[in-house]
Participant: 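I am attaching a structure below and will ask some questions about it afterwards.
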Amino acid sequence: MAIFKDRHYFRVNLEKKTDESLWMKCKSCGELVFKRRVRENNNICPHCGEYFFLTAQERIESLIDKGSFTDISKPIVASDPLSFQDTKPYPQRIEEAQEKTALASAIIIGSVTIVGIPVVMGVMDFRFIGGSMGAVMGEQICHGMEEAIRRRQSFILVSSSGGARIQEGLFALLQMAKTAAVRGRLAEEHLPFISIMTYPTTGGVQASIASLGDIIIAEKGAMIGFAGRRVIQNTIAEELPANYQTDAFALEHGLIDRVVNREDLREELGKVLGFFVEAQ
Amino acid sequence: MAIFKDRHYFRVNLEKKTDESLWMKCKSCGELVFKRRVRENNNICPHCGEYFFLTAQERIESLIDKGSFTDISKPIVASDPLSFQDTKPYPQRIEEAQEKTALASAIIIGSVTIVGIPVVMGVMDFRFIGGSMGAVMGEQICHGMEEAIRRRQSFILVSSSGGARIQEGLFALLQMAKTAAVRGRLAEEHLPFISIMTYPTTGGVQASIASLGDIIIAEKGAMIGFAGRRVIQNTIAEELPANYQTDAFALEHGLIDRVVNREDLREELGKVLGFFVEAQ
Amino acid sequence: MSDERTLDLLEVKIKELRELDKTDGINLSTEIARLEKKLEALRKELYANLSDWERVKIARHPKRPYSLDYIREVFTDFYELHGDRLAGDDRALLVGLARLDDRPIVLLAQQKGRSTQENKERYFGMTRPQGYRKARRAMSLAERFSFPVISLIDTPGAYPGLESEELNIGGAIAENLLAMTNLRVPTIAVVIGEGGSGGALAIGVADRVLMLENAIYSVISPEGAATILWKEKGRMKEATAALKLTAPHLLDLKVIDEAIPEPLGGAHKDPHKTASSLKESLLRHLAEVSDIPPKKLLATRYQRYRSLGSYHTLNDQQSGSSLA
Amino acid sequence: MSDERTLDLLEVKIKELRELDKTDGINLSTEIARLEKKLEALRKELYANLSDWERVKIARHPKRPYSLDYIREVFTDFYELHGDRLAGDDRALLVGLARLDDRPIVLLAQQKGRSTQENKERYFGMTRPQGYRKARRAMSLAERFSFPVISLIDTPGAYPGLESEELNIGGAIAENLLAMTNLRVPTIAVVIGEGGSGGALAIGVADRVLMLENAIYSVISPEGAATILWKEKGRMKEATAALKLTAPHLLDLKVIDEAIPEPLGGAHKDPHKTASSLKESLLRHLAEVSDIPPKKLLATRYQRYRSLGSYHTLNDQQSGSSLA
Ligand SMILES: [Zn+2]
Ligand SMILES: [Zn+2]
């Protein structure tokens with residue numbers, strides 16, 4: 001555990017940016033596109049409309065009023081309660097993920113405004129061990145909801161996760177109950193919780209906090225569901241339809257309220273939040 | 001409306017019985033059987049097990065501790081708010097039903113004991129205009145639940161009804177909301193409501209009070225559902241399975257808690273009531 | 001007496017004259033004004049005493065405005081919410097957030113289809129269990145955030161069919177009835193077209209129950225009643241008359257609180273005017289019920305439903321005899 | 001070292017000797033007593049240090065007692081309630097009323113099948129949305145009538161499959177988690193066999209969480225973890241060791257409140273004895289939680305879950321730098 005001790009806690013500051021290469025090639029249409037233009041376009045290919053992957057930082061940028069972000073995450077990082085080791089030790093995995101993402105964990109909690117409305121927002125990052133939920137993510141989500149209660153604001157959670165963090169064993173599983181419990185407090189306080197599901201929102205995250213939104217919005221192209229294709233095929237070898245766990249599937253079967261294009265999400269959130277702010 | 005005025009209100013007294021003919025022929029097996037033996041056998045054919053139709057009076061007898069019945073129905077009879085006339089005037093239909101059944105309406109509310117436990121019970125009679133729910137039945141059910149609250153007892157409703165009483169128009173429909181509202185009071189008072197569905201429990205009765213039981217028990221052979229076969233075939237011409245709206249169908253699809261043989265219903269009720277009485 | 005089609009023809013002719021008046025510089029304004037007066041008089045005569053059956057036809061008129069038409073004209077910012085979170089998303093009952101003159105509300109709205117394709121998707125306006133349960137979810141949302149609930153009712157009835165029964169449609173309706181009697185926010189229901197039995201009531205328990213003038217609200221369809229009681233589907237006119245299913249009748253019977261006037265000939269003759277009458281009425285009633293303290297609101301609603309239905313009470317002498 | 005099968009064989013032989021002793025009047029009692037002592041010693045040696053993987057095998061042993069076995073031995077008057085009132089009746093999760101030493105309780109019990117036919121009906125013990133929603137209905141009943149809720153957990157996991165997803169199994173689990181944290185009655189959960197991930201937790205949020213000594217409770221199956229992390233299903237022994245999924249480990253980690261002892265070799269060696277240990281534990285815990293005033297009970301349960309999970313807190317100096 002010593003490795004964490006001398007590490008910095010990464011408090012996210014969106015202003016500081018290291019500029020990388022100028023151009024990128026779209027993996028969908030093959031066009032060479034200006035990176036900056038892609039970024040300004042919510043990481044959507046200006047040529048073919050392909051959605052590129054969003055880091056948590058990029059997701060926040062694409063959703064909030066410019067310059068309104070303050071990182072209010074708790075200063076915590078993962079411990080290793082099981083001394084877990086698979087092909088490498090868990091602490092090493094954490095460290096590698098931190099290096100890769102410049103994040104302390106798979107989630108950022110921010111205080112932001114969206115179309116002028118102040119909210120507390122949690123945003124997951126799939127690059128950080130598949131956006132999996134361990135004790136840190138569970139605690140950060142609860143912290144975010146408690147901050148929302150303290151500030152009398154809405155809570156927004158943008159999910160991007162394969163489920164529970166296996167390396168934390170039962171502690172990870174129990175974050176499902178922990179986040180559900182605190183979500184109950186938000187409800188008692190009559191404060192809205194808007195859950196945004198992106199690609200992917202599955203497993204233990206979908207089966208807990210992400211499905212408990214007052215309003216559940218899926219980003220176009222999201223994958224939503226509990227058990228993945230592979231699990232089903234390994235367990236019961238059932239035929240699955242082509243649209244299995246797509247946004248359209250989730251909408252048709254009543255799991256979510258809306259499917260929204262990435263470029264419209266910010267405005268959409270402003271619209272929804274408007275109703276609740278007035279009602280308060 | 002004058003016809004009601006000089007009529008007696010029929011307060012049911014199970015002790016007085018007019019003995020009819022001694023024998024009857026079972027319509028199922030064809031055997032000649034002793035009427036009294038059939039009656040003592042819960043109106044089940046002693047030869048083949050066929051369930052014969054039960055009047056409200058017979059139903060009460062088969063469910064309660066002998067001699068424990070007191071009619072506590074409200075002294076009310078149907079009025080004719082719409083001056084309804086189809087092939088005959090509504091008041092005439094009422095009068096004929098009263099003559100046929102020796103009942104004031106399609107339901108009796110009784111104070112009884114079941115396996116020693118005092119409860120308030122409502123029992124419908126299908127012979128009385130198809131057990132249809134008009135303002136009188138709605139009021140009696142509410143009265144029964146209010147009596148249960150006053151006495152701190154459980155409420156049991158034995159349904160046998162085709163639905164709302166057409167001749168009372170919207171007043172009949174609104175009994176669905178009325179009974180549901182009062183059922184809410186019973187719940188607030190933490191008093192149990194056990195709904196027993198018999199052949200048939202359909203339409204507006206199934207879509208209101210009968211489906212709101214804490215426990216829902218179907219008598220074996222019950223028909224349970226909202227829209228009848230004929231309605232469906234007239235409206236959308238859909239193929240229906242053989243077991244449509246049977247007790248087994250209702251159990252399989254989660255509409256009811258249990259299916260119970262007629263001869264076991266009394267003991268079953270005693271068993272269920274026992275749990276709640278102890279918990280209080 | 002002139003019938004509706006003749007009057008519609010006359011209206012078209014007047015319109016043509018007006019075009020002529022405009023384009024060719026011929027002054028026909030006096031003649032046009034006279035014709036319009038005449039038309040108005042004939043309409044009044046025709047529609048003054050609509051039979052109940054004629055109102056049924058207006059309530060079901062294929063051009064009658066549906067929920068989405070009123071949602072566009074009466075409300076702003078409709079934000080539809082989908083799904084019951086249990087089994088599906090019914091397209092015959094829409095729910096969502098909206099504003100009524102800036103005030104956020106929760107809307108429950110039954111929606112018929114106009115095209116064959118749309119009717120297939122919307123099951124001809126017949127609500128399925130998924131719809132009732134979506135409505136119930138919206139009610140919970142309304143309660144949590146103190147949004148008033150406004151229901152627009154327009155359905156031939158709950159959708160009958162195997163899937164509906166498998167998903168316990170009776171139970172879904174029953175649960176809604178119970179939920180609505182206890183909903184801790186102001187509620188208003190308006191029958192805008194057809195109020196078909198339990199399928200309508202399942203979103204119709206409210207502090208105020210209103211009807212458009214030519215809407216109908218009934219325990220059973222006229223055809224159903226004719227089949228069951230007269231054993232002849234063709235006798236639906238008699239059944240209609242007997243059922244007292246029109247707004248004027250139901251207002252007389254004190255079952256509804258208001259019949260909202262429609263333009264002569266029905267809402268489809270002037271959807272804008274109808275919408276503005278509906279909006280005026282909704283605003284007025286919402287203001288009234290919003291002024292009632294929550295506890296009293298619930299007690300009043302409870303009393304409304306508790307006391308519903310007329311019957312004869314017998315005195316003790318009459319009820320003394322016993323019989324079995 | 002002797003293996004389990006040899007010991008089972010020895011046990012059979014002893015039984016045969018005892019028969020001989022009885023029927024033929026030959027006195028073998030001294031020899032039998034000695035053999036029994038020997039058997040006991042060998043068993044202790046064999047089972048003293050069960051590996052985690054051996055415990056997994058015991059937890060999944062086909063002869064291991066299932067919920068219905070305990071329902072018969074631990075409780076009385078089990079009165080099963082069927083159906084979720086929404087879509088169906090799951091046979092892999094039974095709910096009902098029962099008595100624990102005369103006290104009425106609500107039971108939620110996951111049930112595996114023994115025969116092929118029963119396994120088909122019970123989906124190999126994997127709970128479907130219909131089961132979780134039936135459990136939720138039972139929880140509401142428990143709350144309305146102040147029945148404590150006892151859960152018996154035994155499932156490989158929630159049932160994966162198209163129908164489950166169509167009925168929003170994730171949402172069903174999530175809603176249960178929320179409901180159980182707020183349930184205003186005492187709650188006890190016991191993992192009696194397999195506690196498979198979210199499928200187990202969905203009835204496992206409670207004031208007391210217990211496990212039978214050889215039960216397992218895990219975020220993922222050993223096979224699943226081996227496939228995902230080691231990319232090789234066969235390495236489930238290593239995965240098992242890493243996951244710390246046995247009762248002794250989870251007790252050490254303070255995630256559960258008690259590991260209920262099983263007979264040597266596992267519950268199936270003496271189901272009666274296991275049942276009586278389970279009953280003793282349930283009675284003790286139920287008595288304890290019943291003594292806590294409802295408000296404090298809920299606050300304590302909330303705190304239990306709110307504080308779950310370990311992490312490192314960094315001091316301000318460490319967290320001061322910014323980076324993006
Ligand atoms: Zn492209
Ligand atoms: Zn017979």
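Nothing here was measured: the structure is a model prediction, and the numbers come from that model. Only heavy atoms go into these numbers, but all of them, side chains included; no hydrogens, no water, no symmetry mates. Below, read A as the first sequence line, B as the second, and so on, with proteins coming before strands; counting in each chain starts at 1.
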Participant: Considering only heavy atoms from C-beta outward, does the side chain of D/Tyr302 approach that of A/Val182 to under 4.5 Å?
Facilitator: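 Heavy-atom side-chain distance check passes, below 4.5 Å.
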Participant: Can you tell which part of A/Ser208 gets under 4.5 Å to a heavy atom of chain D, answering side chain, backbone, both or neither?
Facilitator: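 Backbone plus side chain of A/Ser208, per the 4.5 Å heavy-atom cut-off to chain D.
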Participant: What I'd like to find out is whether the side chain of D/Arg306 reaches to under 4.5 Å of the side chain of A/Glu146, using heavy atoms alone.
Facilitator: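 Yes. Closest side-chain heavy atoms under 4.5 Å.
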Participant: Out of A/Ala250, A/Cys142, A/Ala164, A/Gly138, which one racks up the most heavy-atom pairs below 4.5 Å with chain D?
Facilitator: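 If we count pairs closer than 4.5 Å to chain D, A/Cys142 comes out on top.
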Participant: Quick one: what part of A/Gln233 sits under 4.5 Å from any heavy atom of chain D, side chain, backbone, both or neither?
Facilitator: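 Answer is neither: A/Gln233 stays 4.5 Å or more from chain D.
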Participant: Roughly how far apart are A/Leu173 CG and D/Ile220 CD1, rounded to 0.5 Å?
Facilitator: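 It comes to 11.0 Å.
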Participant: Rounded at 0.5 Å granularity, tell me how far NE2 in A/His253 sits from CG in D/Leu162.
Facilitator: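 The CG atom of D/Leu162 is 7.0 Å from NE2 of A/His253, to the nearest 0.5 Å.
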Participant: Kindly indicate whether the side chain of A/Glu188, heavy atoms from C-beta on, has any atom under 4.5 Å from the side chain of D/Asn182.
Facilitator: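 A side-chain contact under 4.5 Å exists here.
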Participant: Taking only residues two or more places apart in sequence or in another chain, which ones pass salt bridge (Lys or Arg N to Asp or Glu O under 4.0 Å) with D/Glu232?
Facilitator: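 Expected list: none.
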Participant: How long is the gap from OG on A/Ser83 to NZ on D/Lys244, to the nearest 0.5 Å?
Facilitator: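 Nearest 0.5 Å value for the OG-NZ distance: 6.0 Å.
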Participant: Quick one: what part of A/Leu255 sits under 4.5 Å from any heavy atom of chain D, side chain, backbone, both or neither?
Facilitator: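 Both the backbone and the side chain of A/Leu255 come within 4.5 Å of chain D.
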Participant: For D/Ile228, is it the side chain, the backbone, both, or neither that has a heavy atom closer than 4.5 Å to a heavy atom of chain A?
Facilitator: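 Answer is side chain: those atoms of D/Ile228 sit under 4.5 Å from chain A.
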Participant: Identify the two heavy atoms, one from D/Ile173 and one from A/Met176, that lie closest to each other, and give their separation to 0.1 Å.
Facilitator: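 Minimum heavy-atom contact is CG2-CE, 4.1 Å.
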Participant: Give, as side chain, backbone, both or neither, the part of A/Leu212 having an atom under 4.5 angstrom from any heavy atom of chain D.
Facilitator: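 It is the side chain, since no backbone atom gets that close.
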Participant: Between A/Lys88, A/Arg185, A/Gln175, A/Arg165, which residue shows the highest count of heavy-atom pairs closer than 4.5 Å to chain D?
Facilitator: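 Heavy-atom pairs under 4.5 Å are most numerous for A/Arg185.
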Participant: Under 4.5 Å heavy-atom distance to chain D, tell me which part of A/Phe226 shows up: side chain, backbone, both or neither.
Facilitator: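 Contact with chain D involves both backbone and side-chain atoms of A/Phe226.
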Participant: Check step by step if side chain to side chain contact (heavy atoms under 4.5 Å, CB included) holds for A/Val77 and D/Leu314.
Facilitator: CA-CA 8 Å; A/Val77 289; D/Leu314 305 171; 4.0 Å; yes
Participant: Looking only at heavy atoms and a cut-off of under 4.5 Å, which of D/Phe124, D/Tyr159, D/Tyr123 has the most pairs with chain A?
Facilitator: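 Maximum pair count with chain A is reached by D/Tyr159.
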Participant: Verify, without hydrogens or angle tests, whether D/Glu165 (side chain) and A/Gly228 (backbone) share a donor-acceptor contact under 3.5 angstrom.
Facilitator: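 Flag not set: sc D/Glu165 to bb A/Gly228 has no pair under 3.5 Å.
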Participant: So do D/Leu253 and A/Leu170 actually touch side chain to side chain, heavy atoms under 4.5 Å?
Facilitator: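 No; the side chains remain at least 4.5 Å from each other.
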Participant: Hey, which of A/Ile166, A/Thr55, A/Thr87 has the most heavy atom pairs under 4.5 Å with chain D?
Facilitator: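 With the most close heavy-atom pairs to chain D, the winner is A/Ile166.
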Participant: What residue, out of A/Gly225, A/Pro241, A/Gly254, A/Ala207, has the most heavy-atom pairs lying under 4.5 Å from chain D?
Facilitator: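 Looking at each option in turn, the highest pair count goes to A/Ala207.
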Participant: With chain D, which of A/Ala177, A/Gly184, A/Gly134 has the greatest number of heavy-atom pairs at distances under 4.5 Å?
Facilitator: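 Maximum pair count with chain D is reached by A/Ala177.
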Participant: CG of D/Leu229 to CD of A/Gln85: how many Å apart, nearest 0.5 Å?
Facilitator: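 Result: 11.5 Å between the selected atoms.
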Participant: Which one of D/Gly171, D/Ala226, D/Pro156, D/Gly170 has the most heavy-atom pairs closer than 4.5 Å to chain A?
Facilitator: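 Maximum pair count with chain A is reached by D/Gly170.
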Participant: Which atoms of A/Glu252 are under 4.5 Å from chain D, going by heavy atoms: the side chain, the backbone, both sets, or neither?
Facilitator: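 For A/Glu252, there is no contact with chain D at all, as no heavy atom is under 4.5 Å.
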Participant: Enter the distance from A/Asn234:CG to D/Glu223:CD here, rounded to the nearest 0.5 Å.
Facilitator: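 Going from the CG atom of A/Asn234 to the CD atom of D/Glu223 covers 11.0 Å.
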Participant: By a 4.5 Å heavy-atom criterion (distance strictly below it), what part of D/Met180 contacts chain A: side chain, backbone, both, or neither?
Facilitator: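 For D/Met180, there is no contact with chain A at all, as no heavy atom is under 4.5 Å.
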Participant: Main chain of D/Ser310, side chain of A/Ser79: is a donor-acceptor contact present, judged purely on distance under 3.5 Å?
Facilitator: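 The answer is yes, because a donor-acceptor pair under 3.5 Å joins these two groups.
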Participant: Does any heavy atom of chain A fall under 4.5 Å from the side chain of D/Leu250, the backbone, both, or neither of them?
Facilitator: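 The answer is the side chain of D/Leu250.
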Participant: Compare all side-chain heavy atoms of A/Gln206 with those of D/Ile169 and state whether any distance is below 4.5 angstrom.
Facilitator: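 No, their side chains stay 4.5 Å or more apart.
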Participant: Starting at OG of D/Ser164, measure out to CD of A/Glu238 and round the result to the nearest 0.5 Å.
Facilitator: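 Answer for the OG-CD pair, D/Ser164 versus A/Glu238, is 8.5 Å.
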Participant: With a 4.5 angstrom heavy-atom cut-off, could you sort out which part of D/Glu166 is near chain A: side chain, backbone, both or neither?
Facilitator: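 Both the backbone and the side chain of D/Glu166 come within 4.5 Å of chain A.
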Participant: Looking only at heavy atoms, which two atoms of D/Val219 and A/Gly169 are closest? And how far apart?
Facilitator: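 Looking at all heavy atoms of both residues, the shortest contact is CB-O, 3.4 Å.
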Participant: For A/Ile236 and D/Pro160, which heavy atoms make the closest approach, and how far apart are they?
Facilitator: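 Nearest heavy atoms, A/Ile236 then D/Pro160: CD1-O, 3.0 Å.
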Participant: Which heavy-atom pair separates A/Ile232 from D/Gly161 by the least distance, and what is that distance?
Facilitator: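 Shortest heavy-atom separation between A/Ile232 and D/Gly161 comes out as CD1-N, 3.5 Å.
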Participant: Which heavy atom of A/Phe171 sits nearest to which heavy atom of D/Leu308, and what is that distance?
Facilitator: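 That would be CD2-CD2, 4.2 Å.
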Participant: Chain D heavy atoms under 4.5 Å from A/Arg229: which part of the residue, side chain, backbone, both or neither?
Facilitator: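 Contact with chain D involves no heavy atom of A/Arg229 at all.
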Participant: Could you tell me which non-hydrogen atom of A/Ala181 sits nearest to which non-hydrogen atom of D/Thr181, and how far apart they are?
Facilitator: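 So the minimum-distance heavy-atom pair works out to CB-CG2, 3.6 Å.
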Participant: Are any of the side-chain heavy atoms of A/Leu82 and D/Leu243 separated by less than 4.5 Å?
Facilitator: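 No. Closest side-chain heavy atoms not under 4.5 Å.
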